[in-house]
A.B. asks: 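Encoded as structure tokens, here's the structure I'll be asking about.
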Amino acid sequence: MEPLEQVTILMTLMKRLGQVMEHERAILRSLRVDVLPDIQEEKVALAEAYEIELSRLRCSPEVLAGLDPRVRSQLHEAMRAFQECAAVNLHALRAAKASLEKILQSVAASLAQSLPVPADGRQRLTAEPRGQVIPVAFDRKA
């Protein structure tokens, strides 16, 4: 494969993977986490292809050395932008995970309080569960 072809493939993979990550963040902002699995297959395939192409390029430094300086500069800029996009996406995913974990903890705590356990440690099936309102706020600016 020609050096320019290798670089073009790598840059194309980075661009498409960046688009998928942007879409993923839009899904998180819209709180439609149920559709996240729909894009995971493409994201995984793109990430694997990216890793393979990057590894090939790293194993052949002469490929980069033989490129026109403008092409090397474009590759460097594309890699910088891709790394920035990946960092933003990682931050958004971590924030969404933390928010969901807090919600789950609140729900679990509420459930634990709704059916009190008697002193003998056995839960009564006839006990009337108490309802509790759990305040939840969603920030769509992730």
A.B. asks: Residues in side chain to side chain donor-acceptor pair (under 3.5 Å) with Q83, at least two apart?
C.D. replies: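 Listed in chain order: nothing, the list is empty.
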
A.B. asks: Is there a side-chain contact between L90 and R94, using heavy atoms and a 4.5 Å cut-off?
C.D. replies: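 Side chain of L90 against side chain of R94, heavy atoms only: contact under 4.5 Å found.
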
A.B. asks: Might you confirm whether atom CD of E41 has over 12 heavy atoms from other residues, nucleotides or ligands at distances under 6.0 Å?
C.D. replies: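 No, because the 6.0 Å sphere around CD of E41 holds 12 heavy atoms or fewer from other groups.
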
A.B. asks: Working to the nearest 0.5 Å, report the span between CZ of R32 and CG of D34.
C.D. replies: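 One gets 4.0 Å once the value is rounded to the nearest 0.5 Å.
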
A.B. asks: With rounding to the nearest 0.5 angstrom, report the CD to CG distance, E53 to L57.
C.D. replies: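 Reported to 0.5 Å precision, the distance equals 8.5 Å.
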
A.B. asks: Looking only at non-hydrogen atoms, find the nearest pair between L54 and L10 and report the distance.
C.D. replies: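 Looking at all heavy atoms of both residues, the shortest contact is N-CD1, 3.9 Å.
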
A.B. asks: Where is the tightest heavy-atom contact between A65 and R72, given as atom of each residue plus distance?
C.D. replies: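 Smallest heavy-atom distance, with atoms named: O-NH1, 3.3 Å.
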
A.B. asks: Does Q6 have any side chain to side chain donor-acceptor pair (under 3.5 Å) partners at least two apart in sequence or in another chain, and if so, which?
C.D. replies: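 Residues passing side chain to side chain donor-acceptor pair (under 3.5 Å) with Q6: none at all.
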
A.B. asks: Could you check whether any side-chain heavy atom of I27 comes within less than 4.5 Å of a side-chain heavy atom of V33, counting everything from C-beta outward?
C.D. replies: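 A side-chain contact is absent here, since even the closest heavy-atom pair is not under 4.5 Å.
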
A.B. asks: Could you state the interatomic distance from NE2 (H23) to CG (N89), rounded to the nearest 0.5 Å?
C.D. replies: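 One gets 11.5 Å once the value is rounded to the nearest 0.5 Å.
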
A.B. asks: Considering all heavy atoms of both residues, which atom of V63 and which atom of P3 are nearest to each other, and what is their separation?
C.D. replies: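 So the two residues come closest at CG1-CB, 3.5 Å.
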
A.B. asks: State the CG-OG distance between L28 and S99, to the nearest 0.5 angstrom.
C.D. replies: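 Spacing of CG (L28) from OG (S99) equals 10.0 Å.
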
A.B. asks: State the CG-CD distance between L100 and Q105, to the nearest 0.5 angstrom.
C.D. replies: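 Output value for this atom pair is 11.0 Å.
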
A.B. asks: Count the heavy atoms of every other residue, nucleotide or ligand shown that sit under 6.0 Å from NZ of K43, and state whether that count exceeds 12.
C.D. replies: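 Check passes, neighbour count above 12.
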
A.B. asks: Are R25 and L93 close enough that some pair of their side-chain heavy atoms sits under 4.5 Å apart?
C.D. replies: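 No; the side chains remain at least 4.5 Å from each other.
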
A.B. asks: Closest heavy-atom contact between M14 and F82?
C.D. replies: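 Where M14 meets F82 most closely, the heavy atoms are O-CD1, 3.5 Å.
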
A.B. asks: State, to 0.1 Å, how close L17 and A47 come at their nearest heavy-atom pair, and which atoms those are.
C.D. replies: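 Reported closest heavy-atom pair: CD2-CA, 4.0 Å.
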
A.B. asks: How close do L13 and L46 get, heavy atom to heavy atom, and via which atoms?
C.D. replies: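 That closest heavy-atom pairing would be CD2-CD2, 3.9 Å.
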
A.B. asks: Given M11, which of T8, V7, I9 fulfils the side chain to side chain contact (heavy atoms under 4.5 Å, CB included) condition?
C.D. replies: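 Going through T8, V7, I9 one by one, the side chain to side chain contact (heavy atoms under 4.5 Å, CB included) with M11 is satisfied by V7 alone.
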
A.B. asks: Do the non-hydrogen side-chain atoms of L75 and M79 ever get within less than 4.5 Å of each other?
C.D. replies: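 Yes, at least one pair of side-chain atoms sits under 4.5 Å.
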
